[in-house]
Amino acid sequence: MSKRRVTYYYDPDVGAFTYGLSHPMKPQRMRITHELLTVYDMLPKMHVLRAKRATAETMTRFHTDEYVHFLSKVTPENAQQLTYQGTRFLVGEDNPAFDGVFEFCSISAGGSIAAAQRLMNGQTDIAINWAGGLHHAKKREASGFCYINDIVLAILEMLRTVPRVLYIDIDCHHGDGVEEAFYTTDRVMTCSFHKFGEYFPGTGTLDDRGRGKGRGYALNVPLKDGITDEAYKSVFQPVIDKILEVYQPSAIVLQCGADSLSGDKLGCLNLTMQGHASCVQYIRTKNIPLLLLGGGGYTVKNVARTWTYETACALGIENEIDLNLPWNEYFEWFGPRYRLEVPESNMEDLNLRDGSLDRIRETALRYLSELRPAPSVGLQDVPRESLGQHLGVGEAYEQGPVDQLDEQLAQHAKFVYNLQERAAESDSESDYDSDTSLARTRTRGRSRNIRSGKKRMSLLTGEYYDVPRLEENGNGYYDLGCGHEPWAQSDLPGHGVKRRFFQSGTRWDSALDMVPLERERAGVRNGRLDVGALMAAGGEHDRVTDPEEMDLDTEEDVSSMA
């Protein structure tokens with residue numbers, strides 16, 4: 001097999017994080033995988049790099065500022081307060097606020113972004129980040145053990161350089177977060193092979209094909225329990241061949257979630273290690289820049305085995321390595337056979353019982369044949385630094401204190417942004433919109449909105465549950481229970497008003513058609529106390545008590561007035 005330049009990203013700290021003792025997601029699986037790669041002597045055959053961790057600003061290329069700010073502040077102690085009693089950001093028990101959650105996200109996202117950059121710069125043919133692949137995270141919400149969607153961030157980085165990116169997901173669960181992010185564009189085509197039917201996240205039917213300009217560029221292949229290697233191959237290869245023929249991607253992102261393996265604690269498919277890795281082998285033969293990412297996988301020893309073998313596939317040495325495991329730090333974990341293998345079980349393949357797999361394959365190929373030829377897009381260089389950074393000016397706050405006009409402009413921009421957000425939310429009530437984290441599932445012949453704010457689905461239990469609602473305190477207000485000012489009933493998000501997470505003293509004045517600052521309401525104008533304005537306000541100047549904030553007259557000013 002021809003050689004490829006392979007770059008492998010790994011941060012030694014990634015295995016030190018834990019979601020909790022009883023939680024099935026174990027970041028330590030990346031540490032075990034790295035140990036196996038070391039004892040199999042694969043590291044000298046690759047470029048092994050430690051990526052720069054993603055900053056909060058980098059994460060906001062996709063996620064909202066409020067959500068990223070929340071992740072940077074949340075701890076197990078203040079989680080209930082910052083999530084508004086479990087109604088925002090982290091809903092349910094799937095995504096606990098464990099210690100170091102932001103650092104964990106920065107490692108995952110940083111590795112995927114750096115891998116995408118190196119791939120697009122032509123410095124490598126295949127880039128690997130097994131700490132990535134967290135495909136369920138939404139724009140403003142964690143979901144399915146995923147907090148930051150490193151895949152979307154990596155694809156956005158690729159789109160700086162190439163016109164089209166193909167995303168392939170072989171995780172047992174539907175890649176809903178990535179699909180939602182690119183549901184309305186033709187520059188990214190998403191293709192997900194997943195278990196469907198009363199299964200998390202409940203999305204991913206054949207009829208979910210994109211919307212608007214992205215119509216047809218989202219493809220889902222829903223599967224039933226127990227699919228085997230041969231059956232999986234019979235649908236994977238023809239579908240991918242047709243996509244490559246029609247779409248002609250410039251780069252491919254392959255999410256290698258290992259919960260589709262046989263015997264996974266949360267999965268229900270029946271793939272062997274070789275069957276799972278055959279997807280990597282097949283994509284590798286296409287000679288297209290390839291980004292390999294991790295994902296799900298909850299039987300830790302099988303995850304480490306498979307990702308080790310797939311790294312060998314990326315290097316083209318899978319036939320040269322000994323399947324009898326060499327001695328390593330975790331050797332006793334792999335008993336009793338101590339081999340690099342994941343055999344299939346004797347579970348029945350329900351996909352073959354009624355010929356459903358043939359119908360799904362035929363439908364998917366028909367949809368692809370109806371797709372128009374590969375879309376073109378005009379590319380231009382996108383600056384990676386701001387104008388101030390390029391000129392060496394630095395941050396605005398480094399140049400001097402922010403004056404009153406700066407504050408007014410910032411508050412006005414925030415008001416306009418909020419108006420746009422409200423308009424977008426009202427326009428998308430009946431549409432599939434990634435910004436509102438809507439995901440629709442069809443169960444038993446009917447549609448159910450599982451992300452409308454009323455229902456959520458748990459990856460751990462597969463059950464729907466109600467999101468805790470705010471309690472009315474009897475005076476027409478809803479107590480947040482976290483030290484914030486209570487909401488009036490008319491101010492609830494359901495009544496068309498956007499929830500405010502970062503309280504500000506500014507309010508829009510419809511009479512003045514502007515956003516007056518608190519100091520202006522108190523009668524302060526250009527550093528001076530306006531007595532007339534103060535009297536007009538009824539003498540309510542006690543709201544601004546900080547002398548520095550009010551910027552009252554200096555001694556020199558007072559003497560001049562006298």
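Side-chain polar atoms of Glu310 and His276 form a donor-acceptor pair below 3.5 angstrom. For Asp169 and Tyr167, the side-chain atoms include at least one donor-acceptor pair closer than 3.5 Å. Using modelled atom types, one finds no donor on one side chain facing an acceptor on the other under 3.5 Å when comparing Asp176 with Thr203. Residues Tyr19 and Asp94 bring no donor and acceptor atom of their side chains to less than 3.5 Å of each other. Using a 3.5 Å distance cut-off with no hydrogens or angles, the side chains of Arg118 and Thr7 do pair a donor with an acceptor. Between the side chains of Asn351 and Ser356, not a single donor N or O lies within less than 3.5 Å of an accepting N or O. Side-chain contact, His63 with Asn149: no donor N or O sits under 3.5 Å from an acceptor N or O. No hydrogens or angles considered: a donor-acceptor pair under 3.5 Å links the side chains of Ser345 and Asn270.
At a threshold of 4.5 Å between non-hydrogen side-chain atoms, the residues Val239 and Gln237 do not count as touching. Counting only heavy atoms from C-beta outward, the side chains of Leu219 and Tyr247 never approach each other to under 4.5 Å. When side chains are defined from C-beta on, Tyr40 does not count as touching Asn328, because their heavy atoms never get closer than 4.5 Å. Within the 4.5 Å cutoff, the side chain of Val165 has no heavy atoms near those of the Arg187 side chain. Put simply, the side chain of Asn78 reaches to within 4.5 Å of the side chain of Val74, judged on heavy atoms. By the 4.5 Å heavy-atom criterion applied to side chains, Leu315 and Met46 are counted as neighbours. Taking 4.5 Å as the limit, some side-chain heavy atom of Asp241 sits within range of a side-chain heavy atom of Tyr282. Here the side chains of Ser234 and Leu357 are in contact, with some heavy-atom distance below 4.5 Å.
No more than 12 heavy atoms of other residues, nucleotides or ligands sit less than 6.0 Å from atom CD of Glu93. Heavy-atom contacts from other residues, nucleotides or ligands closer than 6.0 Å to NZ of Lys233 number 12 or fewer.
Residue Ile288 holds its CD1 atom at 4.0 Å from CD1 of Ile252, rounded to the nearest 0.5 Å. Going from atom OG1 of Thr272 over to atom CD of Glu341 covers 10.0 Å, rounded to the nearest 0.5 Å. Of the inter-residue distances, the one linking Met120 atom CE with Met158 atom CE reads 4.5 Å to the nearest 0.5 angstrom. Taking SG from Cys172 and CG from Leu269, the interatomic distance works out to 4.0 Å, rounded to the nearest 0.5 Å. Taking CD1 from Ile283 and CG from Leu254, the interatomic distance works out to 6.0 Å, rounded to the nearest 0.5 Å. The OG atom of Ser260 sits 12.5 Å away from the NE2 atom of His194 when rounded to the nearest 0.5 Å.
Salt bridge annotation for Asp13-Arg50: present, with a cationic side-chain nitrogen under 4.0 angstrom from a carboxylate oxygen. We find that Arg31 and Glu329 are joined by a salt bridge, their nearest charged nitrogen and carboxylate oxygen being less than 4.0 Å apart. Using a cutoff of 4.0 Å between basic side-chain nitrogens and carboxylate oxygens, Glu157 and Arg61 are scored as salt-bridged.
Here the side chain of Gln28 pairs no donor or acceptor atom with the backbone of Gly15 at under 3.5 angstrom.
Residues Ala97 and Ala79 share a closest heavy-atom pair of CB-CB, 3.7 Å. Looking at every heavy atom in both residues, Val342 comes nearest to Ser262 through CG1-O, 3.8 Å. Gly175 and His135 make their closest contact through CA-ND1, 3.4 Å (heavy atoms, listed as atom of the first residue, atom of the second, distance). Nearest heavy-atom pair across Ala115 and Leu291 is CB-CD1, 3.5 Å. Contact between Leu271 and Asp229 at its shortest, heavy atoms only, is CA-OD1, 3.4 Å. The two residues Ile168 and Phe193 make their nearest non-hydrogen contact at CG2-CE1, 4.2 Å.
Remark: of the listed residues Phe98, Phe102, Tyr67, Phe98 is the sole one forming a ring pair (Phe, Tyr, Trp, His ring centres under 6.0 Å) with Tyr147. Among the candidates Ile155, Val253, Leu244, Thr190, the single residue satisfying the side-chain contact (heavy atoms from CB on, under 4.5 Å) test with Leu166 is Leu244. Each of Asp322, Thr306, Leu323 was evaluated against Leu340; a single residue qualifies, Leu323, per the side-chain contact (heavy atoms from CB on, under 4.5 Å) test. The salt bridge (charged side-chain N to carboxylate O under 4.0 Å, His left out) test with Asp125 singles out one residue from Lys286, Arg4, Arg5, and that residue is Arg5.
A cation-pi arrangement is present between Lys139 and Phe62 under the rule of less than 6.0 angstrom and at most 45 degrees off the ring axis. In this structure, Lys73 fails the cation-pi test against Phe70, since its NZ or CZ atom is not both closer than 6.0 Å to the six-membered ring centre and inside 45 degrees of the ring normal.
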Q: List the steps and the verdict of side chain to side chain donor-acceptor pair (under 3.5 Å) for Tyr367 and Asn220.
A: CA-CA 11 Å; Tyr367 286 161; Asn220 290 293; over 6 Å; no
Q. Checking ring pair (Phe, Tyr, Trp, His ring centres under 6.0 Å) for the pair Tyr8/His47: CA distance, chi angles, key distance, verdict?
A. CA-CA 6 Å; Tyr8 167 68; His47 295 282; over 10 Å; no
Q.
With side chain to side chain contact (heavy atoms under 4.5 Å, CB included) as the criterion, how do Asn129 and Leu292 come out once you've worked through the C-alpha distance, each side chain's angles and the decisive distance to 0.1 Å?
A. CA-CA 6 Å; Asn129 178 34; Leu292 295 179; over 6 Å; no
Q.
Go through it in stages, so that I can follow the logic: the residues are Asp259 and Leu266, the test is side chain to side chain contact (heavy atoms under 4.5 Å, CB included), and I'd like the CA-CA distance, side-chain angles, deciding distance and then a yes or no.
A. CA-CA 7 Å; Asp259 49 5; Leu266 298 182; 5.7 Å; no
Q. Run the side chain to side chain contact (heavy atoms under 4.5 Å, CB included) check on Ile128 and Tyr10 step by step: do they pass?
A. CA-CA 9 Å; Ile128 303 173; Tyr10 176 72; over 6 Å; no
Q: Output, in order, the C-alpha distance, side-chain angles, deciding distance and verdict of side chain to side chain donor-acceptor pair (under 3.5 Å) for Glu77 and Thr75.
A: CA-CA 5 Å; Glu77 291 74 24; Thr75 64; 3.3 Å; yes
(Q) Run Phe334 and Arg339 through side chain to side chain contact (heavy atoms under 4.5 Å, CB included) and show every step you take. (A) CA-CA 7 Å; Phe334 299 95; Arg339 286 178 57 83; over 6 Å; no
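Not less than 6.0 angstrom separates the ring centroid of Phe182 from the ring centroid of Tyr217. Aromatic rings from His174 and Tyr199 are positioned such that their centres are separated by 6.0 Å or more.
When the side chain to side chain donor-acceptor pair (under 3.5 Å) test is applied to Thr55, the partners found at least two apart in sequence or on another chain are Thr58.
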